[in-house]
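In what follows, every chain begins at residue 1, and chains take the letters A, B, ... in the order their sequences are listed.
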Number of protein chains: 2
Amino acid sequence: MSDSVSSQSKACAGAGGPVSAILSVEKAQRMAEFFGVLGDPNRWRILSALTLGEMRVGELAEAVEMTESAVSHQLRVLRTMRLVSYQKRGRSVYYCLKDNHIFNLYQEASEHLDEPDD
Amino acid sequence: MSDSVSSQSKACAGAGGPVSAILSVEKAQRMAEFFGVLGDPNRWRILSALTLGEMRVGELAEAVEMTESAVSHQLRVLRTMRLVSYQKRGRSVYYCLKDNHIFNLYQEASEHLDEPDD
DNA sequence: ATAACACCTGAATACTTGTTCAGATATCAA
DNA sequence: TTGATATCTGAACAAGTATTCAGGTGTTAT
C-alpha cells in the first residue's frame, strides 16, 4: 500500500479517495437532486414505513399521519428518483422500497449523526 | 432464520431490515436536515474540491467558481453538519473533509443513479 | 348505469433556502 | 497606526419547494 498519503499528515479525510476531482456542474446537480429528495422529513417517514413491507397509499397516509393527497405527491417524488416501486392491484396501489440503497444511506447518515463531536 | 418474510413474497426491498419502524418525527427531521445539506450542487462541488486535499476559502472559491462570500456561507452549513473541519493558520482558514462518510454516501448515491431503469 | 372507493393531479399559497451586497472582524506587514 | 488581505456575517431579495384544496381518472360493486 502506498504511504505517501496514508501514513503521516492525514489531517483530511479521503484525500486521493474515491472522488478526487471537482464534480462537474451536471454531476453535482444530479447528486443534489437525489439527496434533495431525501431532504424532507415526511419522505423519510414514508420510506421508513415501507421498511415494514408494502403498503397502500391510504395505509401509508394513516401510518405517517398525512393526507392521502400529500402522501401521493411525495410518492411521486420518490417514484421519480426510483426509490419506491408500485404495483396496482384492484383499486389499490401498493408501494414498496425499490432497492437497498436507501438502507445503506440511512445507516451511513445515522453513523455520522451519532458520532461524538470530537 | 425466520422465513415468514424472507422466503416467498420478497417483492419489496429490505422488509425487516435495519430500519423496520416508522421514524419518529424528530429522527426524520434530523435525517432530512442532514440530507438536505447534501441537496445543493454547489456544496457538492465544494466537498469534491476538498477531496483533493485541504484548501483555503479563496482557493475553494476559485476552484468552484463562486464568490468567497457564497463559499463561506456554504462552508458554515457544511461545518454545522460536521462534514468539514477547519484550521486557522495565519490569516487563512484551511478547510478539509471531516471523515469518510461523505465518500460512502457519494458512492452509494452514484450506484443508485447509475442503476438501469429496470 | 350509478354510486362508492382509492388514488392522482394542477393550481395557488405559504414556506424554506440560496445568493448577493454591504459591512464587520481579525491577521499581518510596513 | 495604517493599509492590505482573508474570511465571516446579517439583511434583503429571488428562487425553489411543500402543502392544501378542488376536482379528475379509473376500478369495483349493486
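One can place CE of B:Met66 at 10 Å from P of C:dG18, the figure rounded to the nearest angstrom.
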A correct 5'-to-3' footprint of nucleotides 4-11 of chain C, with B, S and - meaning base, sugar-phosphate only and no protein heavy atom under 4.0 Å, is BBSBBBB-

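Under the salt bridge (Lys or Arg N to Asp or Glu O under 4.0 Å) criterion, B:Glu54 pairs with B:Arg89, sequence neighbours left out. For B:His101, the ring-ring contact (aromatic ring centres under 6.0 Å, His included) partners two or more places apart in sequence, or in a different chain, are A:His112. Partners of B:Ser92 under the side-chain contact (heavy atoms from CB on, under 4.5 Å) rule, at least two apart in sequence or in another chain, are B:Arg56, B:Tyr94. A search for side-chain contact (heavy atoms from CB on, under 4.5 Å) contacts involving B:Ser85 returns B:Cys96, B:Lys98, not counting sequence neighbours. For B:Tyr95, the ring-ring contact (aromatic ring centres under 6.0 Å, His included) criterion is met by B:Tyr86, not counting sequence neighbours.
Residues of residues 32-51 of chain A having a heavy atom closer than 4.0 Å to DNA chain D, listed by number: A:Asp40, A:Asn42, A:Arg43.
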>> Please evaluate residues A:Thr67 and A:Val71 with respect to the criterion side-chain contact (heavy atoms from CB on, under 4.5 Å), reporting the C-alpha separation (whole Å), side-chain torsions for both, the decisive distance (0.1 Å), and the verdict.
In response: CA-CA 6 Å; A:Thr67 65; A:Val71 170; over 6 Å; no

* Show the numbers, then the answer: is there a side-chain contact (heavy atoms from CB on, under 4.5 Å) between B:Val37 and B:Thr80? => CA-CA 10 Å; B:Val37 168; B:Thr80 304; over 6 Å; no

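Contacts classified as side chain to side chain donor-acceptor pair (under 3.5 Å) and involving residues 33-48 of chain A (residues at least two apart or in different chains) are given here: A:Gln29-A:Glu33, A:Arg43-A:Gln74. For residues 68-79 of chain B, no pair satisfies salt bridge (charged side-chain N to carboxylate O under 4.0 Å, His left out), with sequence neighbours left out. Applying the ring-ring contact (aromatic ring centres under 6.0 Å, His included) rule to pairs touching residues 51-76 of chain A yields nothing, sequence neighbours excluded.
Running 5' to 3' along DNA chain D, contacts with non-hydrogen atoms of chain A at under 4.0 Å begin and end at D:dA18 to D:dT28.
Phosphate proximity of C:dT19 to B:Gln74: present, with a side-chain N or O under 4.0 Å from OP1 or OP2.
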